[in-house]
Amino acid sequence: MSPTSETAQGGRRLVIVESPAKAKTIKGYLGPGYVVEASVGHIRDLPNGAAEVPAKYKGEPWARLGVNVDADFQPIYVVNHDKKDQVKKLKELLAESDELFLATDEDREGEAIAWHLQEVLKPKVPVRRMVFHEITKDAIREAVANPRELNKKLVDAQETRRILDRLYGYEVSPVLWKKVMPRLSAGRVQSVATRLVVERERERIAFRSAEYWDLTGTFATGRGGDASDPGTLAARLTAVDGRRVAQGRDFGSTGVLKDGSAVLHLDEANARALAAALADSAFAVRSVESKPYRRSPYAPFRTTTLQQEASRKLGFGAKATMQVAQKLYENGFITYMRTDSTTLSETAVQAARAQVTQLYGADYLPEKPRTYAGKVKNAQEAHEAIRPSGDRFRTPAETGLTGDQFRLYELIWKRTVASQMKDATGNSVTVKIAGRASDGRDAEFSASGKTITFHGFMKAYVEGADDPNAELDDRERRLPQVTEGDPLTAEEITADGHATKPPARYTEASLVKELEEREIGRPSTYASIIGTILDRGYVFKKGTALVPSFLSFAVVNLLEKHFGRLVDYDFTASMEEDLDRIARGEAQAVPWLRRFYFGSADGPEGSAADAGNGDGDHLGGLKELVTDLGAIDAREVSSFPVGDGIVLRVGRYGPYVERGEKDAEGHQRADVPEDLAPDELTVAYAEELLAKPSGDFELGTDPVSGNPVIARDGRYGPYVTEVLPEGTPKTGKNAVKPRTASLFKTMSLDTVTLDDALKLMSLPRVVGADAEGVEITAQNGRYGPYLKKGTDSRSLETEDQLFTITLDEALAIYAQPKQRGRAAAKPPLKELGTDPVSERPVVVKDGRFGPYVTDGETNATLRRDDDVETITPERGYELLAEKRAKGPAKKTAKKAPAKKATAKKATAKKTATKTAAKKTAAKKTTTAKKTTTAKKTTAKKTAAKKTATASAAAAPAE
DNA sequence: CAGTGAGCGAGCTTCCGCTTGACTT
């Protein structure tokens, strides 16, 4: 009975899949009576931030997490903003349907999407879960005919994974904001990825190169060379008097031989002496060893292997590869590109085999189809391998594709066809050559060759290599035909020096490969993981290499020391095991999460639920780790000794080197370029940096004083200053302070001129005196340009006025009553009527932190979604009500960690007592200051920092 | 990381996975 005939009697059925492209294909297989639509991925998720949290949960202590950690980790789900329209559409379609088929992918995430669909759509018609692993007419029809029930346990496993990731990310990231730098992030995947890159760099830093020498001999057989017999062979010295000559692999990372007694380490002098002693020696073939060579084709592509090969052969980054593949998928050229499976469907195998016969002949076709066992440990196998679509593969020429799409399709096509071809076979030969040196020593040389007698799959496809010096699989090396005892003459014997090399840095492709091997991340996220660690400034690219920043050293250092378990390389693998147990019903989600978050007094280790470091019996939960931060010494975590008393520190404004204590005699400090690779920071380089503080823009010499004038970026933004001659007293009663002045907002460090600087430094300008003879000056300050008369100061409107304002104008300003601050001087942006609670007029004002509503008593900043133009009075009252509700709750909730004395002096008495002197008090003042000066638009900073703020982004274009 | 002057409101950052357009350059 075909589905079509069923529907003739039934009614309309709605089938929901994940991808629109898939929906289109399936529609054709199911025919009329079936409506196929896509969910377009997940439709619901935990709220992203405060703005997305539903009103009724706002104010709850756990609202920022989106998970009620106090009530069995109950998650709050909201429909994703960009999925609202799609959900509406699905609801409408469901209203006209008699049956619902949830046909999302058959893996953990797919099952969860199906469940969320059911929760959101609330179907009143029968619901079926249907699954299929290949998109063919038969497979789809069979899936429709054999639906199953939703697997709630699998959904539980997904939800647990989601909650763990949220708790990890949203609890640990703020630790980094406090201890290292704002806006940083930590997460189960990105932090381990970053750690891998950092560890590799540490190995490179610790690496000590070893020098070793050997000999290369060119030996002639005496026969003439031709294509099949080269006549000469190049062989390397492998042993002297039976003792093997040391090669690179014999040395450890410290430059010392791993086993000094077993091998002979030749230095230059030894090697040259031996070469000389062999100059007139007679040589003969000592042995010839021939072994059959066999190589099997590579498995069809999955996401990671496609990314690796596209990188090696086409030079694509992971992201570019996925974008091109997406296009190919959408246009029906290839199967789904986010997969961890190397399995080909039966039709695909047949298509590949047909093409092998057609293009290469039956000789190249193995008797039986090849199958590839899943090499990926945690593969969910919801999809096929990546291959050309259809039951007959189009050759690249037939596709009509061009450019990158053509090249990627060709790669996929070749790999798929090759995967169904015969092994390549041939011979590998090792020839050993011996000679006696004039000093009596026996020298043995060795050469190896490879001949391929049957190319098999190599006709179609050979994999690339990461190392440009590595030989490709199909590379042949022919040796002359020799047999044991054949005499040879040495045409040339040269001594060659070599040095061992540090381990190579990761590339995008090799990092992704490493992550996959460690079961970290998923096919849909590999490319974006790289994007995340690049965006955060944890790594940067140097060519194709991923170089960790000093920032990432600080972050990884902190995580390793205080959250060791969370950045353990086995954490995810362990989590996956636990999740599998939950999916099988052998474990429960809530106790597992409880152990992860709240910890447990004892219990077996090894579960990902153990967030603590696992030292001793006590396993602290994540909450405990992020609550008491007193043990985390921010300074220590971001300090790295360079040597010679120099320390590298990662500060809020980037890395710098420092020698000595601040304010002490001989203290030195200098910025480190943001793109300096950590393994290039030597003591000598640090000295160089300290000798000449970087970041200075030399503008010229003040013609009056003769002092050099420089521009630099300071704590409060860009400024100009003069360099006083050596020996000028800086302290004491004869101290001379250099003239300094902040740049105007319209200026920037890379464009400011000497004239600008001199003009700026001429401030304050005496405008004149008032009737009583009190002097009025014009100057630039923290809050912008202003006039000063004794202790009475008035703001000016423009910076230009500093130079242009006349005495009369100044007196006119002073004639007016003093404004109570800038904010009060400004009229409200909007009036919103009377607040129903306080019964006071509500207005919108513009403040230091942007627009806010106030009733004169309570103030509330407008949220991201609010707009001054469109805000309604009701919204204004709501914001105020929220603020009132929230205010007191915060004041009593937390205990006072009493971090530093600065917390007291920095804030007004009112806040100091009322907000319980939170540890953020000290920080708050610095961030506030930073905000006012965040408008710095130096070329250096804007170029280096990816996280450009709105104000930084407003830098004048060049 | 310079060192000037007043008055005064914080809120947000962040995770991993599943999917595409909708945006601008």
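Each chain gets a letter, A, B and so on, in the order its sequence line appears, and its residues count up from 1. Everything numeric here is computed off the predicted structure, so don't read it as measured data. Just the heavy atoms: all of them, side chains too, but no hydrogens, waters or symmetry mates, feed the values below.
In this model, a donor atom of one side chain and an acceptor atom of the other lie less than 3.5 Å apart for A:T304 and A:E516. Residues A:R659 and A:Q668 bring a donor and an acceptor atom of their side chains to less than 3.5 Å of each other.
Under the rule for a side chain to side chain contact (heavy atoms under 4.5 Å, CB included), the partners of A:A382 that lie at least two apart in sequence or sit in another chain are A:D105, A:D107. Take A:D82 and apply the side chain to side chain contact (heavy atoms under 4.5 Å, CB included) test, not counting sequence neighbours, and it matches A:N80. With sequence neighbours excluded, no residue forms a side-chain hydrogen bond (donor to acceptor under 3.5 Å, both in side chains) with A:K327. Shown here are the side chain to side chain contact (heavy atoms under 4.5 Å, CB included) partners of A:S838, two or more places apart in sequence or in another chain: A:D835, A:R840, A:D855, A:R884. By the side-chain hydrogen bond (donor to acceptor under 3.5 Å, both in side chains) test, A:Q323 is found to be paired with no residue, residues two or more places apart in sequence or in another chain being considered. With sequence neighbours left out, A:E658 forms a side-chain hydrogen bond (donor to acceptor under 3.5 Å, both in side chains) with A:R649, A:H667, A:R669. A:T572 pairs by the side-chain hydrogen bond (donor to acceptor under 3.5 Å, both in side chains) definition with A:R188, not counting sequence neighbours. By the side chain to side chain contact (heavy atoms under 4.5 Å, CB included) test, A:D156 pairs with A:K152, A:I582, sequence neighbours left out.
Residue-to-nucleotide contacts include no donor-acceptor pair under 3.5 Å from the side chain of A:R522 to the base of B:dC18. Residue-to-nucleotide contacts include a donor-acceptor pair under 3.5 Å from the side chain of A:N48 to the base of B:dC15. At a cut-off of 3.5 angstrom, counting only N and O atoms as typed in the model, there is no donor on one side facing an acceptor on the other between the side-chain of A:R183 and the base of B:dC12. One cannot find a donor-acceptor pair under 3.5 Å joining the base of B:dA6 and the side-chain atoms of A:S795.
Among the pairs that DNA chain B forms, none builds a region of at least three successive Watson-Crick or G-U pairs under 3.5 Å.
Comparing B:dT14, B:dC1, B:dC18 by their closest approach to the side chain of A:K83 singles out B:dC18. Here the side chain of A:T861 is nearest to one of B:dG5, B:dG9, B:dC16, namely B:dG9. Listed nucleotides: B:dT19, B:dT14, B:dC16. Nearest to the side chain of A:R161: B:dC16.
At B:dC16, none of the side-chain N or O atoms of A:T525 fall inside 4.0 Å of OP1 or OP2 (strictly under the cut-off).
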Collect all protein-nucleotide pairs involving nucleotides 22-25 of chain B in which both atoms are nitrogen or oxygen and the distance is under 3.5 Å.
none

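Residue contacts for A:Y526: at a heavy-atom cut-off of 4.0 Å it reaches no nucleic acid atom on any strand shown.
We find that the ring of A:Y786 and the base of B:dA6 do not stack by the test of centres under 5.5 angstrom and planes tilted less than 30°. Using a 5.5 Å limit on the distance between ring centres and a 30° limit on the angle between planes, the aromatic ring of A:W177 counts as stacked on the six-membered base ring of B:dT13.
For DNA chain B, the residues of residues 36-44 of chain A within the heavy-atom distance limit of 4.0 Å (strictly under) are A:V40, A:G41, A:H42, sorted by number. Residues of residues 102-113 of chain A that place a heavy atom closer than 4.0 Å to DNA chain B, in numerical order, are A:D105, A:E109.
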